[in-house]
Peer 1: 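One structure coming up, written as structure tokens, with questions to follow.
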Protein chains: 2
Amino acid sequence: MKKKISEAVIKRLPRYYRCLTELEQEGADRISSHALSVRMGVTASQIRQDLNCFGGFGQQGYGYKVHDLRAALRGLIGLDRTYSMIILGAGNIGQALANYSGFDKEGFYVKAMFDVNVSLTHRTSRNIPLYHIDLLEKYLESNKVDIAVISVTQSEAQNVANRLVASGIKYIWNFTPSELSIPEDIIIENVHLSDSLFTLSYRCRENGV
Amino acid sequence: MKKKISEAVIKRLPRYYRCLTELEQEGADRISSHALSVRMGVTASQIRQDLNCFGGFGQQGYGYKVHDLRAALRGLIGLDRTYSMIILGAGNIGQALANYSGFDKEGFYVKAMFDVNVSLTHRTSRNIPLYHIDLLEKYLESNKVDIAVISVTQSEAQNVANRLVASGIKYIWNFTPSELSIPEDIIIENVHLSDSLFTLSYRCRENGV
DNA sequence: TAGATTGTTAATCGATTAACAATC
DNA sequence: TAGATTGTTAATCGATTAACAATC
């Protein structure tokens, strides 16, 4: 009976993974929690606590094997498989995400895009088909989709979310400013860009700039 | 001598602001911390604690005036003025941010974009000029820029950041996966999209999907 | 073996929640 | 006035940090 992993720890895992990837590229064989803590600007204690939520990946007196720890993190984060995604809304953000090749490398594949306006087709590069949003339910009947990305306009967002949930989508990556209401068992990850930008303006005001 | 506002509180301000904006649009005059807590899924205690970091905006026995509280939050977040921004890197994300009109509405204006490849010009809509990145320093000499957005490729990111800092930029919105090293007095806000996506894959694995 | 570093328990710190007197 | 709800202090909870025995 393992205890629940806190949200704070989960949010840090990708960063550890990122750092370990860099270290491996640099050819490092081993790293101690202390050395990692200096590099990342966190405490060694926290790193050891975090990792030990999932198991003892290190060796006393030696530290952590970079390759092995990275591989373990990869598994923990769920990157040892592929994911199929669809993008709802082929506007600025939707197009940018579709054209970005970085997610492919980690196994996240954009299989299709949907929009109310299909005449945008010529902009969809990388052979990702763009369908009219009316075809969404039909598409989901015959295609397994792990993650749905919502990048429609704010006013359409809740409606699109409802349709996705009704069709059985369990994981949503939301780029609209809306606070979407969804059932408890659906996992949603919000990217509220304006919230992020506003923390910068807060700092400007704070510093009297 | 006011005590320091915690990071957690600051991160919640934009969300309060968003909610109050909705309430005002719905024509609400007043709201109690309890009603707001139900709507936002947080505790009334937390809302009152958070707001009271900045002042007593409510009235006992009555609650908060929606319009006044929203206006106060607007000021606190620093939205009662405008900001000039430049975007470094006219790739997918850079273009999407430049074309997105939502930030304008809150007073964040994209004044220029820079890239190593200027032949992308035809895609810059909304009359935002695209300059070669070699012209960055010259541009900054004669134009006041509040916030610089970094959306170049990962390998260029640190170099671009160094140049921005050298030219006096104090506020950076970073969209690259890099952990940029910058001086202490520079404020950086990171949007690590892959970290966000990875929390979804973590949940998939956790739930055995 | 001696030195280093983990895994883990205990101590500290900070953030959230509860409670309630003040007051509209 | 009575009821409602704030502002604020106190209590609780959880997360971070420190410490150290275990052990490579």
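Lettering of chains follows the sequences in order, A, B, ..., and the numbering in each one begins at 1.
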Peer 1: Do B:Asn190 side-chain atoms and B:His192 backbone N/O form a donor-acceptor pair below 3.5 Å?
Peer 2: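 No; judged by distance alone, with no hydrogens or angles, the pair does not exist.
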Peer 1: Using a cut-off of less than 4.0 Å, is there contact between a side-chain N or O of B:Ser33 and OP1 or OP2 of D:dT6?
Peer 2: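 Yes, within the criterion.
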Peer 1: Strictly by Watson-Crick or wobble contacts shorter than 3.5 Å, is anything paired with D:dA21, and which nucleotide is it?
Peer 2: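 The base-pairing partner of D:dA21, which may sit in any strand shown, is C:dT6.
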Peer 1: Identify the nucleotide, in any strand shown, that forms a Watson-Crick or G-U wobble pair with C:dT12, with both distances under 3.5 Å; if there is none, say none.
Peer 2: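 D:dA15 - that is the nucleotide pairing with C:dT12, both distances being under 3.5 Å.
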Peer 1: Check the distance between C:dT17's P and B:His34's NE2 and give it to me in whole angstrom.
Peer 2: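 After rounding, the gap between these two atoms is 14 Å.
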Peer 1: Give a yes/no answer on whether the side chain of B:Arg12 brings an N or O atom under 4.0 Å of OP1 or OP2 in C:dT16.
Peer 2: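 Answer yes for this pair, as a side-chain N or O of B:Arg12 is under 4.0 Å from OP1 or OP2.
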Peer 1: What is the distance, to the nearest angstrom, from the NZ atom on B:Lys11 to the C1' atom on C:dT16?
Peer 2: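 B:Lys11 atom NZ is separated from C:dT16 atom C1' by 19 Å.
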Peer 1: Applying the side-chain contact (heavy atoms from CB on, under 4.5 Å) criterion to A:Gln158, which one of A:Ile150, A:Thr176, A:Leu180 satisfies it?
Peer 2: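 Filter result, single survivor: A:Leu180.
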Peer 1: Which residues satisfy the side chain to side chain donor-acceptor pair (under 3.5 Å) test with A:Arg163, sequence neighbours excluded?
Peer 2: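 Only A:Glu137 meet the side chain to side chain donor-acceptor pair (under 3.5 Å) criterion with A:Arg163.
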Peer 1: Return the orientation label for the B:Tyr83 and B:Phe108 ring planes: parallel under 30°, perpendicular over 60°, tilted otherwise.
Peer 2: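 Correct class here is parallel.
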Peer 1: Find the distance A:Leu36:CG to C:dT6:C1' and express it as a whole number of Å.
Peer 2: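 Checked: the CG to C1' distance equals 14 Å.
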Peer 1: Using whole Å, what does the distance between atom P of nucleotide D:dA4 and atom CZ of B:Arg30 come to?
Peer 2: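 Going from B:Arg30 (CZ) to D:dA4 (P), I get 11 Å.
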Peer 1: Which ones in residues 41-76 of chain A lie close to DNA chain C, meaning a heavy atom under 4.0 Å from one of its atoms?
Peer 2: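 Residues of residues 41-76 of chain A that come under 4.0 Å of DNA chain C are, in numerical order, A:Arg48, A:Gln49, A:Asn52, A:Gly56, A:Phe57, A:Gly58, A:Gln59, A:Gln60, A:Gly61, A:Tyr62, A:Gly63, A:Tyr64.
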Peer 1: Looking only at side chains, do B:Gln46 and B:Thr43 share a donor and an acceptor under 3.5 Å apart?
Peer 2: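 Judged by distance alone, the side chains do not pair up.
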Peer 1: Please lay out, stage by stage, how A:Arg30 and A:Tyr64 fare under the test side chain to side chain donor-acceptor pair (under 3.5 Å).
Peer 2: CA-CA 5 Å; A:Arg30 63 175 282 269; A:Tyr64 300 86; over 6 Å; no
